[in-house]
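Right, one structure below, let's go through it.
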Amino acid sequence: MEITIKILIGFVAFLHLYFLYFEMFAWTTKGPKIFRGFPKDLFVPTKSMAANQGLYNGFLAAGLVWTFFISDAVWKDNISLFFLGCVAVAGIYGALTVEKKIFFIQAVPALIAIALILLF
């Protein structure tokens with residue numbers, strides 16, 4: 001089960017590294033292709049806002065990657081739960097305020113990892 005938990009944590013971290021890349025470096029180039037419902041003329045004016053969001057996603061990814069280097073099991077679980085909890089809350093909030101699919105992309109993998117950590 002430990003390997004499954006590590007894979008899930010790695011997956012969530014990878015997602016947030018991708019969000020960092022996309023929001024910080026590809027917002028104005030790839031953004032209009034992905035967010036077709038968002039007015040194209042707003043991508044440039046919102047570039048710094050998106051970069052700020054990307055930075056926060058990078059912090060979440062860094063916290064999750066950090067768990068791979070913690071040897072104490074209790075400490076590792078607590079740090080994992082904290083960062084996965086942050087991701088889950090962000091995913092739930094995004095689903096409620098922006099788009100429902102954010103729940104499935106962001107919150108569900110984090111919630112599954114949280115459940116597995118707490119169960120095992």
Side-chain angles (χ1 to χ4, degrees):
M1 193 54 59
E2 186 176 334
I3 291 174
T4 303
I5 292 168
K6 285 182 178 182
I7 290 170
L8 278 169
I9 290 172
F11 175 71
V12 173
F14 174 78
L15 278 177
H16 283 78
L17 286 172
Y18 174 74
F19 299 155
L20 173 145
Y21 159 75
F22 176 76
E23 293 169 344
M24 291 188 83
F25 305 108
W27 182 248
T28 56
T29 56
K30 293 186 181 195
K33 297 171 190 165
I34 294 173
F35 295 107
R36 292 185 184 104
F38 193 66
K40 290 186 181 194
D41 61 321
L42 291 180
F43 281 93
V44 172
T46 59
K47 184 177 181 178
S48 62
M49 180 193 69
N52 189 323
Q53 289 176 194
L55 184 62
Y56 283 98
N57 281 307
F59 291 143
L60 292 173
L64 291 168
V65 170
W66 175 30
T67 66
F68 290 115
F69 300 98
I70 300 172
S71 58
D72 181 84
V74 174
W75 182 246
K76 178 184 218 166
D77 285 350
N78 288 335
I79 298 298
S80 297
L81 289 170
F82 172 78
F83 283 100
L84 289 167
C86 291
V87 168
V89 169
I92 292 167
Y93 184 78
L96 292 172
T97 60
V98 179
E99 192 171 339
K100 291 186 184 357
K101 74 177 182 178
I102 292 173
F103 176 77
F104 299 100
I105 293 169
Q106 188 173 355
V108 168
L111 291 169
I112 292 169
I114 288 169
L116 291 176
I117 290 169
L118 293 174
L119 289 172
F120 301 98

Determine whether more than 12 heavy atoms belonging to other residues, nucleotides or ligands lie under 6.0 Å from atom [atom1] of [X].
X      : atom1 : answer
Phe14  : CZ    : no
Phe11  : CZ    : no
Phe104 : CZ    : no

Approximate separation, where rounding is to 0.5 Å, of [X] [atom1] and [Y] [atom2]:
X      : Y      : atom1 : atom2 : answer
Glu23  : Ser48  : CD    : OG    : 12.5 Å
Phe69  : Lys76  : CZ    : NZ    : 10.0 Å
Ser80  : Leu8   : OG    : CG    : 11.5 Å
Leu17  : Leu64  : CG    : CG    : 9.0 Å
Leu111 : Leu116 : CG    : CG    : 11.0 Å
Ile9   : Phe83  : CD1   : CZ    : 11.5 Å

Handout entry: side-chain contact (heavy atoms from CB on, under 4.5 Å) assessment of Phe82 paired with Thr67
Key = CA-CA 11 Å; Phe82 172 78; Thr67 66; over 6 Å; no
Verify the cluster assignment for [X] and [Y]: are they in a single hydrophobic cluster under the rule of side-chain heavy atoms below 4.5 Å apart?
X     : Y      : answer
Val65 : Leu55  : no
Ile3  : Leu118 : no
Ile79 : Val74  : no
Val89 : Phe103 : no
Val12 : Val108 : yes

Handout entry: Evaluation steps, side-chain contact (heavy atoms from CB on, under 4.5 Å), between Tyr21 and Lys30
Key = CA-CA 11 Å; Tyr21 159 75; Lys30 293 186 181 195; 3.8 Å; yes
Exercise for the section: Run the ring-centre check on Trp66 versus Phe59 and record whether the distance is less than 6.0 Å. Expected result: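 Between Phe59 and Trp66, which both carry aromatic rings, the centre distance is not below 6.0 Å.
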Problem - Aromatic ring pairing Trp27/Phe22, orientation class (parallel under 30°, perpendicular over 60°, tilted between) - result: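 Taking Phe22 first and then Trp27, their aromatic rings stand perpendicular (interplane angle over 60°).
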Exercise for the section: Go through the steps to decide whether Phe19 and Ile105 satisfy the test side-chain contact (heavy atoms from CB on, under 4.5 Å), and finish with yes or no. Expected result: CA-CA 12 Å; Phe19 299 155; Ile105 293 169; 4.3 Å; yes
Practice task
Indicate yes or no: at least one non-hydrogen side-chain atom of Ile117 is less than 4.5 angstrom from one of Leu84.
Solution key: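 The answer is yes, as the side chains (C-beta and beyond) meet within the 4.5 Å cut-off.
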Practice task
State, to 0.1 Å, how close Ala61 and Ala13 come at their nearest heavy-atom pair, and which atoms those are.
Solution key: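 Smallest heavy-atom distance, with atoms named: CB-O, 3.6 Å.
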Practice task
Take Tyr93 and Val98 through the side-chain contact (heavy atoms from CB on, under 4.5 Å) test and state the conclusion after the steps.
Solution key: CA-CA 8 Å; Tyr93 184 78; Val98 179; over 6 Å; no
